[in-house]
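Some notes on the structure that comes next.
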Protein chains: 2
Amino acid sequence: MRSYSEYCAVAKSLDVVGDRWTLLIVRELTLRDACRYTDLRNGLPGIASNLLAERLRDLEAAGVVAREDAPPPVATTLFRLTPRGEELRPLIDELMRWGLPLMTEQSPDDAVRSHWLAGALDLMTVDRQSKGPPVTLELQIGDQPIALKLHDGAIETGLGPVENPDATLSGPPRSVLGLLLGLLELAEAEAGGVSYRGDPAILDRVGAKPMAATAPS
Amino acid sequence: MRSYSEYCAVAKSLDVVGDRWTLLIVRELTLRDACRYTDLRNGLPGIASNLLAERLRDLEAAGVVAREDAPPPVATTLFRLTPRGEELRPLIDELMRWGLPLMTEQSPDDAVRSHWLAGALDLMTVDRQSKGPPVTLELQIGDQPIALKLHDGAIETGLGPVENPDATLSGPPRSVLGLLLGLLELAEAEAGGVSYRGDPAILDRVGAKPMAATAPS
DNA sequence: CAGCATCCGCTTTGATACTG
DNA sequence: CAGTATCAAAGCGGATGCTG
């Protein structure tokens, strides 16, 4: 991207990460750690192959991403955030926070990936019953199941199947999210195509994280 | 901008604010409150006039910016962030934080505006002598003076001249910033073209804000 | 003068095909 | 798997002109 040529910290940041696709590449690497080129392509549906290659080169030159040769058994190239790249995590979190209200609009041709949603849930939900017994909830949305482990007031999110979940939840992502964040009642969500199996009390434990106090200006 | 068509909060945010110039427009409005079209142009050197108009229309449609007719004496249009737009402030702050290390590189054709620097100083500096008497420091960098008012461990930044400042500081922005953030000693900064008038003890009171603890993941 | 709209050459992106 | 090559379409930058 052409530099903004402004002696301003915001502009300098955008000179590095302001290109189209760039912050989504960083998102992939923050959500999934080291990725192969192919993993990145899968997590960035619609990106042109030449653009991905070019962005990775730019990010490497900027010291945000590092390329490493994977250990022997696999023998492939891995892309990983450098420490400087890791410092972009709060920025990705802010984008996620600000974008969450926009998740009420789901276009029919929106791609869905479980790790995107897991990241948002990780950031935005809590176990409201801090003294409750540990329970696990499996969400069937996106390209793979999402595991929610509730314990001690926190929710740990993970990808992949859960053995013997205490409850399972599936349906249109929009409705599943609305239900988990407390914007929809179970009955409404079910009318919206959600299917839930398990004790409804478990669902009630999941809620939106209270907003952090506004940062001191 | 073309939508990323991803059902992901980060992508949804970038669908709204990911266009070139868009976040810099938001920066202007967060740093300077309501702006006229002309003020925005001045704060965004290099933007094409049609692009500014188009971005403002897009931001208005997205509910981020509102247009209002200014009160009688001036009778001009003002652009202002909506409450939803104000919620982007933490994002701008994060961009500023991440970009600050890049301020060590100042290209000769970088434009400089005082309010950009005042914003960064506001975010990143503290009065290290929390019990010291209130003092004011005037910086002569950019297109207008910057006032730093040190009192009770905090630094209040403002734009415009100070009457009877306790100290004044001028020179190349890069060096002035390095001096204030403690990356340069006064002697080094002076070698770099900085000129300081006042008690050196005042300078010592200004320092970089200690990093906030990493946000709980 | 403030707030745009139009035009045009240039750069970036998107889609697909191809390669070591 | 990890890219390069190609080319049309879209977006941007800069200049200029228009309107209240």
Side-chain angles (χ1 to χ4, degrees), chain A residues 1-6 11 14-25 28-29 32 34-62 65-80 109-111, chain B residues 1-6 11 14-25 28-29 32 34-61 65-80 107 109-111:
Chain A
M1 176 193 275
R2 222 178 124 175
S3 167
Y4 286 110
S5 294
E6 294 185 356
L14 292 176
D15 279 347
V16 177
V17 297
D19 268 313
R20 184 158 166 82
W21 292 108
T22 300
L23 279 171
L24 293 186
I25 293 173
E28 286 302 302
L29 294 171
R32 309 217 298 190
C35 286
R36 293 172 305 167
Y37 190 87
T38 311
D39 299 329
L40 289 171
R41 284 192 77 163
N42 181 267
L44 300 164
I47 195 174
S49 177
N50 56 346
L51 272 193
L52 177 53
E54 186 182 328
R55 294 289 184 266
L56 285 170
R57 246 182 285 125
D58 294 346
L59 285 171
E60 204 181 347
V65 161
R67 190 180 299 251
E68 61 187 45
D69 291 329
V74 275
T76 181
T77 314
L78 286 181
F79 297 90
R80 179 189 297 282
D109 47 66
D110 277 357
Chain B
M1 175 195 277
R2 231 183 110 172
S3 166
Y4 286 110
S5 295
E6 294 184 357
L14 292 175
D15 279 347
V16 177
V17 298
D19 267 314
R20 184 160 165 82
W21 292 110
T22 300
L23 279 171
L24 294 185
I25 294 173
E28 285 302 301
L29 294 171
R32 310 216 297 191
C35 286
R36 293 172 305 166
Y37 190 87
T38 312
D39 299 328
L40 289 171
R41 284 194 76 162
N42 181 266
L44 300 164
I47 195 173
S49 175
N50 55 347
L51 273 193
L52 177 53
E54 186 182 329
R55 294 288 184 266
L56 286 170
R57 249 183 284 124
D58 293 346
L59 285 171
E60 203 182 347
V65 161
R67 191 180 296 253
E68 61 186 45
D69 292 329
V74 273
T76 181
T77 313
L78 287 181
F79 298 90
R80 178 190 296 282
S107 154
D109 46 66
D110 277 356

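Residue numbers start from 1 in every chain, and the chains themselves are labelled A, B, ... in the order their sequence lines are given, proteins ahead of strands.
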Spacing of B/Glu68 atom CD relative to C/dG3 atom C1', expressed in whole Å: 16 Å
side-chain N/O A/Arg55 vs D/dG3 OP1/OP2, d < 4.0 Å: no
Close side-chain approach of B/Leu40 to B/Leu29, heavy-atom, < 4.5 Å: yes
Least distance between heavy atoms, A/Pro45 atom then A/Asn42 atom: CD-O, 3.8 Å
Distance in angstrom units between B/Met1 CE and C/dT11 C1', rounded: 15 Å
Heavy-atom pair of closest approach, residues B/Asp15 and B/Ser3: OD2-OG, 3.1 Å
Smallest separation among heavy atoms of B/Met1 and B/Leu14, with atom names: SD-O, 3.9 Å
Closest to side chain of A/Tyr37, choosing from C/dA2, D/dT4, C/dC4: D/dT4
Minimum-distance nucleotide to B/Arg41 side chain [options: D/dT4, C/dC4, D/dC1]: C/dC4
Spacing between A/Asp15 atom CG and C/dT12 atom P, to the nearest angstrom: 13 Å
Pairing residues for B/Ser49 by the side-chain hydrogen bond (donor to acceptor under 3.5 Å, both in side chains) criterion, not counting sequence neighbours: B/Tyr37
Value in whole Å for how far the C1' atom of D/dG13 lies from CG of B/Asp109: 15 Å
Candidates C/dA5, D/dC1, C/dA2 - which lies nearest the side chain of A/Thr38: D/dC1
Closest heavy-atom pair and its distance - B/Thr22, B/Val16: CG2-O, 4.0 Å
B/Trp21 vs D/dG13: side-chain N/O to OP1/OP2 distance below 4.0 Å: yes
Whole-Å distance separating the CG atom of B/Leu56 from the C1' atom of C/dG3: 10 Å
Kindly give the atom pairs (protein nitrogen or oxygen, nucleotide nitrogen or oxygen) under 3.5 Å for nucleotides 8-10 of chain D.
none

Distance test, side-chain N/O of A/Arg20 to OP1/OP2 of C/dG14, below 4.0 Å: yes
A/Leu52 side, atom CG; A/Arg57 side, atom CZ - distance, nearest 0.5 Å: 10.0 Å
Length of the CG-P vector between B/Leu59 and C/dC4, whole Å: 13 Å
Between D/dG11 (P) and B/Asp19 (CG): distance, integer Å: 9 Å
Distance below 4.0 Å between A/Arg36 side-chain N/O and D/dG3 OP1 or OP2: no
Proximity to DNA chain C (any heavy atom under 4.0 Å), residues of residues 43-54 of chain B only: B/Ser49, B/Asn50, B/Ala53
Side-chain touch B/Leu24/A/Glu6, heavy atoms, less than 4.5 angstrom: yes
Considering all heavy atoms, the nearest B/Arg55-B/Arg20 contact: NE-O, 2.8 Å
